[in-house]
Amino acid sequence: MTIAQISRDAGEPLMAMRAIEKSYGPVVVLKGVDLILRPGEVHGLLGENGAGKSTLMRIVFGLAQPDRGTIELAGKGTVRIESPRHALSLGIGLVSQELSLVPQLDVAQNIFLGSTQALHAIPRPELKRKAAEILAELAPHIDCSASVGSLGMADRQLVEIARTLARGGEIIAFDEPTSSLTPTEQENLFKVIAKLREAGKGIIYISHRMSEIRAICDVITVLRDGQVIMTDRTDAHDTDTINSMITGRELSNATSRARHASQSAGPDLLSLDRLTTDRVKSISASVKAGEIFGLAGLVGSGRSALLRAIFGIDPIRSGHLKVAGREVTIKSPSDAIAQGVAYLPEDRRGQAVVPMMSIESNFGLVSLSRYSRFGFIDFARRRAAIRKLSAELSIKPRNIAVPLGHLSGGNQQKVIIARWLATNAKIYLFDEPTRGIDVGAKAEIYELLQRLAAEGAAVVVVSSELPELLYLADRIGIMEDGHLNTVIENSETLTEDRVMKLMTAGVAQ
Amino acid sequence: MTAKQLGQAQADGRAPINRAEVLRRASVLSGVVVLFVVFSSLSSTFYQPSNLLDILLQSSISAITAVAMTLVIMTKGIDLSVGSIAGLSSMVAADVATSAGVGLAIFAGLGVGLICGFLNGVMIAKLKLPDFIVTLGTLSIFRGAALIYTDGQPIYGLPPLFRDIFAGQLLGIPTPVLIAVGIALLGYVVVAFTGLGERIIATGGNEEAARLSGINIDAIKVTVYTISGALSSIAGFVLIARIGAAEPIGGQGFELQAIGSAVIGGASLFGGIGNPLGSLVGAVTLGALQNGLTLINVPSFWQFVASGAVVILAVLADRLTRKQR
């Protein structure tokens with residue numbers, strides 16, 4: 001079915017985005033994207049990380065302006081959405097991935113923060129009554145007078161959603177709203193979305209989970225590398241076809257495995273014994289040489305916090321850490337590096353890349369003393385090392401004087417990986433190694449992780465994308481609320497659904 | 001810069017410099033040219049070799065503090081206390097020089113500068129206080145200390161040897177110029193060729209990334225503020241050697257000259273970028289401006305206004321070219 005046919009079936013569009021283009025520096029994020037949203041429609045937006053979904057939503061909500069293209073709104077003509085405030089006044093709401101609540105205020109205040117009336121102008125009882133009304137369907141268990149700071153991740157997410165609902169509007173976009181919700185909470189959200197649909201609102205829904213898309217989306221648009229691959233009715237395509245449209249590969253089956261767990265059986269390289277910090281509680285586990293250990297869990301479950309503890313960023317309150325069987329004390333990143341631990345943070349821009357520094361200097365950041373003599377950098381030796389590694393990792397720019405900030409996400413990540421390879425680390429901690437990286441580079445990074453393990457390193461991978469963990473990991477540890485509850489062997493019979501159930505098991509009880 | 005341009009830059013093996021950076025450098029260069037043309041046409045003295053040498057001599061003090069400031073700015077910091085450190089350490093040096101000897105005087109003066117800078121660094125790095133407030137505070141404290149030291153009295157009668165070292169001539173070139181050029185070269189070598197330089201750049205370019213790369217951020221910060229203190233005291237020595245006496249209020253206003261020179265020379269207040277040789281050029285540019293304004297009889301009150309305006313313009317250019325995304 002073509003777009004023209006769909007438009008004959010439904011009413012006039014609430015919003016029509018046409019030929020939207022957007023670049024950040026050298027990186028072209030959107031290459032002429034069309035998106036038509038009709039009243040009473042739940043429109044799923046699918047694509048890999050870095051496909052351009054979030055950027056498109058930022059444009060809809062006035063957080064970014066397109067370089068080219070137009071946005072038309074029903075009854076308002078062509079508009080230029082200048083700011084979130086402007087978007088709200090045009091009747092557009094966004095539930096974003098990054099929560100923007102004020103922890104010091106209570107739930108009711110947060111829900112009405114930034115709505116048309118000033119907070120102090122509304123009497124408190126009325127404020128609470130209105131908030132309770134909105135929460136009644138979505139999350140009846142949340143107390144309106146609780147301070148948001150005291151809520152868990154899932155409840156905060158629900159408050160964020162309630163706030164967007166309170167603001168009203170004709171168009172509401174949800175950017176991965178369920179990433180930290182339990183199945184029950186998810187169902188409540190779906191009921192609320194169904195009501196919005198009946199009321200004739202237009203809903204944009206972003207999610208990585210095909211089951212959710214199938215459950216609530218009437219129409220889907222698949223984005224890949226900043227281009228629309230398809231817009232059509234959800235029920236017109238089976239899941240495998242949609243998946244291959246998302247990835248651009250033939251049927252990269254979610255349950256495909258890179259290798260078998262039995263292949264790797266080295267000695268324990270990294271052992272944790274009741275490791276406790278402010279964010280993780282009594283974690284005991286070990287990772288063998290040659291093993292890839294996956295860490296799954298909802299956002300805020302402590303996956304990243306565990307890596308931060310091992311690398312000496314978050315202080316360890318109690319418990320022990322062993323590297324290659326020897327007990328070690330790690331109090332800072334430099335202690336961890338001295339023990340042969342490498343850490344690739346989730347927030348690459350914020351925590352790994354020095355944007356104005358050259359590829360070469362960024363590469364050499366951890367191994368400065370290795371490539372120095374009497375404090376002077378031995379450029380010849382360092383350049384030889386990076387040339388060799390960048391050929392192996394096929395890092396794109398051959399000119400290593402280029403500032404790292406100019407490269408694409410994938411190439412930046414490869415330089416950061418090379419940075420650690422130069423240290424001969426034996427333990428690699430990867431937090432979301434493929435976030436914001438295009439499909440091609442992703443495959444190369446998978447290969448690299450496998451090669452590291454094959455060469456005898458212990459690799460720990462945190463990922464929100466279950467297919468990634470199922471593909472890479474020998475064993476998968478499941479974290480929930482700071483605890484490492486389960487560790488399961490990965491095998492052909494392990495499914496995404498099963499891992500997902502384990503991830504939310506405790507919350508559901 | 002487009003991917004294509006990047007590709008071309010790779011092909012011919014040059015480091016690609018983005019258009020904004022080219023524009024920034026071109027505007028500084030054309031500013032200098034306009035400055036020389038305008039002043040040369042308004043005053044026949046301006047372009048005489050003796051006056052040009054005078055400009056170099058006059059700019060040498062701010063060049064020394066500008067190199068110090070460049071290192072601090074590269075870590076995304078600021079040091080407002082350079083003038084007060086110059087004042088305090090030169091008072092101590094003058095006192096020791098007149099009573100105990102020149103060698104000891106240099107040693108004592110440098111020591112005071114090092115300690116002052118170290119204190120700034122510790123408060124900023126270890127106590128996590130804002131650099132601006134810490135050095136604004138010590139600007140007042142060190143100045144106060146200089147006034148207390150001699151109860152506000154100047155120290156006269158500097159030994160000729162001290163004056164020969166810091167305000168003499170070597171092979172016909174004034175020693176302040178040689179010292180300034182030497183310090184700028186040294187600064188450049190540190191920034192471009194040493195591990196310390198890359199650690200400084202990384203700290204200012206992305207502090208969190210530097211920390212997670214095992215770099216001791218606190219040590220780097222303490223180091224640059226300590227270097228800044230030491231270089232400030234050398235600037236103070238040149239100051240008192242040229243005057244022939246040490247005044248407790250010596251060095252007032254150094255901070256603006258230093259920041260201005262560094263930024264005109266290409267240092268970015270957003271951190272991670274800077275070039276001590278550029279800062280030397282920046283100092284000479286500001287010096288030429290003041291010299292020219294004096295020659296064409298602009299009242300000195302207005303020169304304050306002009307210097308401040310130029311510095312703000314340089315920071316504006318930094319803001320426009322570096323933070324564009």
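Every chain is numbered from 1 and lettered A, B, ... according to where its sequence line falls, protein lines coming before strand lines. The structure displayed is predicted, hence computed values, not measured ones.
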Against chain B, label [X] side chain, backbone, both or neither, depending on which of its atoms sit under 4.5 Å from a heavy atom there.
X        : value
A:Ser361 : both
A:Tyr343 : side chain
A:Arg419 : side chain
A:Phe374 : neither
A:Leu365 : both
A:Thr423 : neither
A:Tyr371 : neither

Tell me whether B:Glu198 is salt-bridged to A:Arg382, with the criterion being a basic N under 4.0 Å from an acidic carboxylate O.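 Yes, this pair counts.
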Under a 4.5 Å cutoff for heavy-atom pairs, which residue among B:Ser213, B:Gly272, B:Ala210 has the most contacts with chain A?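 Max contact count across the listed options: B:Ser213.
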With respect to chain A, which residue among B:Ala202, B:Gly204, B:Gly205, B:Gly197 yields the maximal number of heavy-atom pairs within a distance under 4.5 Å?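 The candidate making the most pairs under 4.5 Å is B:Ala202.
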Main chain of A:Pro355, side chain of B:Asn206: is a donor-acceptor contact present, judged purely on distance under 3.5 Å?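 Checking the backbone N and O of A:Pro355 against the side chain of B:Asn206, no donor-acceptor pair under 3.5 Å is found.
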I would like to know whether A:Ile377 and B:Thr194 meet side-chain contact (heavy atoms from CB on, under 4.5 Å); could you show each step before the answer? CA-CA 5 Å; A:Ile377 296 165; B:Thr194 68; 5.7 Å; no
Is any side-chain heavy atom of B:Leu212 closer than 4.5 Å to a side-chain heavy atom of A:Ile313?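 They are in contact (side-chain heavy atoms under 4.5 Å apart), so the answer is yes.
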Greater than 12 external heavy atoms within 6.0 Å of A:Phe379's CZ: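 Counting other residues, nucleotides and ligands, CZ of A:Phe379 exceeds 12 neighbours.
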Return the option, out of A:Ser367, A:Pro333, A:Ser358, A:Ser372, with the maximum number of heavy-atom pairs under 4.5 Å with chain B.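 Heavy-atom pair counts peak at A:Pro333.
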Minimum heavy-atom distance between A:Val354 and B:Ile201, given as atom pair plus value: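 Here A:Val354 and B:Ile201 meet closest at CG1-O, 4.4 Å.
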